[in-house]
Novice: 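Pasting a structure below so you can have a look.
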Amino acid sequence: MSRWQELTGGTSGGEYAARFEVLARAGKDVHGEAAFCASLVPAGARVLDAGCGAGRVMIRLAELGYDCVGVDLDASMLDVARERAPQLPWFQADLAAFDPAALGVAADFDLVVAAGNVLPLVAPGTEATVVERLTEALRPGGLLVAGFGLDAAHLPVPPFLTLAEYDTHCTAAGLKLAARFATWDAAPYDGGGYAVSVHRRDR
């Protein structure tokens, strides 16, 4: 069972989406992740939203002209995503067993994004496997973008995945670090409790 399932019981889709609706109505920018991804690859590029949740990031990227696929394990989240954008491809799958071919999806994405603390919330012990699966979905030269918390202030669970460990998983999967930031608006990383990492597939 993933840490997310343990935390929420897999029933929090509507509540999670409502939080961002409140922020949007208050004038907050809720599309920072999508804007960041759009700065890395041109419109029309293929994007996999890994751990897509209720679809906030992917729906925005689709509006910007990206060819998107969303994958999540939480059925309640996917229910919201499908209601909001029924024309987009949403799939329920465990990222540790993600197989694009089994879903009829080509494994040649230009960018895979894992936003919203996806990596720290997968099932314990599957982190390296998840990174490997996501890397395999990329074309050579494609980018894996992951943003996640590193301390208790930025995570809903106790912190356990360090940047050094994540980089080790990425290296083992055939990725090289291209850039690292402190926020989705590309502020320089200063060793704080949240990081947005960009890795490139070399093979």
Side-chain angles (χ1 to χ4, degrees), residues 2 4-5 8 10 12-13 16-17 19-21 24 29-122 126-127 129-139 142-149 166 170 173 175 181 184 196-201:
S2 71
W4 175 256
Q5 288 171 303
T8 68
S12 64
Y16 185 86
R19 287 169 45 201
F20 286 95
E21 291 174 355
D29 179 11
V30 296
H31 297 304
E33 300 99 326
F36 181 88
C37 292
S39 73
L40 298 176
V41 289
R46 297 193 71 232
V47 176
L48 173 66
D49 190 349
C52 61
R56 175 177 53 87
V57 176
M58 178 167 142
I59 291 171
R60 179 57 177 163
L61 284 169
E63 291 172 347
L64 294 173
Y66 291 87
D67 180 8
C68 300
V69 173
V71 178
D72 203 284
L73 185 59
D74 188 328
S76 72
M77 290 285 202
L78 290 171
D79 285 344
V80 176
R82 289 171 177 142
E83 180 180 348
R84 290 180 167 181
Q87 76 282 7
L88 297 178
W90 309 101
F91 296 96
Q92 185 176 11
D94 185 342
L95 294 179
F98 178 55
D99 180 2
L103 302 176
V105 175
D108 62 352
F109 289 94
D110 299 291
L111 184 146
V112 173
V113 57
N117 284 322
V118 170
L119 270 300
L121 294 175
V122 300
T126 68
E127 298 82 14
T129 300
V130 170
V131 171
E132 182 179 358
R133 294 283 185 168
L134 298 183
T135 301
E136 290 172 351
L138 286 167
R139 64 167 179 79
L143 301 174
L144 173 61
V145 180
F148 56 89
Y166 177 61
C170 288
L175 298 167
F181 304 95
W184 289 98
V196 178
S197 304
V198 181
H199 287 80
R200 186 181 305 277
R201 180 177 182 179

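Worth saying up front: this structure is predicted, and the values here are computed from it rather than measured. Heavy atoms only: backbone and side chains are in, while hydrogens, waters and symmetry mates are out. For this chain, numbers begin at 1 and follow the sequence in order.
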Novice: Run the side-chain contact (heavy atoms from CB on, under 4.5 Å) test on Leu61 and Cys37 for me, step by step, so that the C-alpha distance in whole Å, both residues' side-chain angles and the decisive distance to 0.1 Å come before the verdict.
Specialist: CA-CA 8 Å; Leu61 284 169; Cys37 292; 4.2 Å; yes
Novice: Which pair of non-hydrogen atoms, one from Ala43 and one from Leu64, has the smallest distance, and what is that distance?
Specialist: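 Scanning both residues completely, I find the closest heavy atoms to be CB-O, 3.7 Å.
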Novice: Drop me the distance from Ser197's OG to Leu175's CG, to the nearest 0.5 angstrom.
Specialist: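 Going from the OG atom of Ser197 to the CG atom of Leu175 covers 11.0 Å.
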Novice: How many angstroms lie between CD in Glu63 and SG in Cys68, if you round to the nearest 0.5 Å?
Specialist: 10.0 Å
Novice: Does CD in Gln92 sit with more than 12 non-hydrogen atoms of other residues, nucleotides or ligands closer than 6.0 Å?
Specialist: yes
Novice: For residues Tyr66 and Val41, determine if any side-chain heavy atom of one lies less than 4.5 Å from a side-chain heavy atom of the other.
Specialist: yes
Novice: Tell me, which pairs form a salt bridge (Lys or Arg N to Asp or Glu O under 4.0 Å) where one or both residues lie in residues 37-55, sequence neighbours left out?
Specialist: Arg46-Asp67, Arg46-Asp108
Novice: Taking side chain as C-beta onward, heavy atoms only, is Val198 less than 4.5 Å from Phe36?
Specialist: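 A side-chain contact under 4.5 Å exists here.
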Novice: Between Trp90 (side chain) and Ala85 (backbone), is there a donor-acceptor pair under 3.5 Å?
Specialist: yes
Novice: Please step through side-chain contact (heavy atoms from CB on, under 4.5 Å) for the pair Cys52 and Leu78, ending with a clear verdict.
Specialist: CA-CA 8 Å; Cys52 61; Leu78 290 171; 3.8 Å; yes
Novice: Is there a side-chain contact (heavy atoms from CB on, under 4.5 Å) between Leu95 and Val71? Walk through the geometry before answering.
Specialist: CA-CA 8 Å; Leu95 294 179; Val71 178; 4.0 Å; yes
Novice: Report the residues that fulfil side chain to side chain donor-acceptor pair (under 3.5 Å) with Asp110, sequence neighbours left out, ordered by chain and then residue number.
Specialist: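 For Asp110 the side chain to side chain donor-acceptor pair (under 3.5 Å) partners, ignoring immediate neighbours, are Arg139.
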Novice: So that I can tick it off, tell me whether Arg56 and Glu33 are bridged by a salt bridge, with the cut-off set at under 4.0 angstrom between side-chain N and carboxylate O.
Specialist: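 Here Glu33 pairs with Arg56 in a salt bridge, since their nearest N and O are under 4.0 Å apart.
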Novice: Do Tyr166 side-chain atoms and Val131 backbone N/O form a donor-acceptor pair below 3.5 Å?
Specialist: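 Answer holds: no.
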Novice: How close do Gly149 and Pro120 get, counting heavy atoms only, and between which atoms?
Specialist: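 Between these two residues, the closest heavy atoms are O-CG, 4.2 Å.
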Novice: Please name all residues satisfying ring pair (Phe, Tyr, Trp, His ring centres under 6.0 Å) with Phe91, sequence neighbours left out, ordered by chain then number.
Specialist: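 Phe91: no ring pair (Phe, Tyr, Trp, His ring centres under 6.0 Å) contacts found.
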Novice: After noting the C-alpha distance and the side-chain angles of Phe98 and Leu103, does the key distance pass the side-chain contact (heavy atoms from CB on, under 4.5 Å) rule?
Specialist: CA-CA 9 Å; Phe98 178 55; Leu103 302 176; 3.7 Å; yes
Novice: Rounded to the nearest 0.5 Å, what's the gap from CG on Asp74 to CG on Asp79? Could you check?
Specialist: 8.5 Å
Novice: Nearest 0.5 Å, please: how far is CG in Asp72 from CE in Met58?
Specialist: 11.0 Å
Novice: Nearest heavy-atom pair of Leu119 and Ala114: which atoms, and what distance?
Specialist: CD2-CB, 3.9 Å
Novice: Measure across Leu121 and Ser2 and return the closest heavy-atom pair with its distance rounded to 0.1 Å.
Specialist: O-CB, 3.4 Å
Novice: Starting at CG of Leu48, measure out to CZ of Phe109 and round the result to the nearest 0.5 Å.
Specialist: 4.5 Å
Novice: Got a donor-acceptor contact below 3.5 angstrom from the Arg201 side chain to the Thr135 backbone?
Specialist: yes
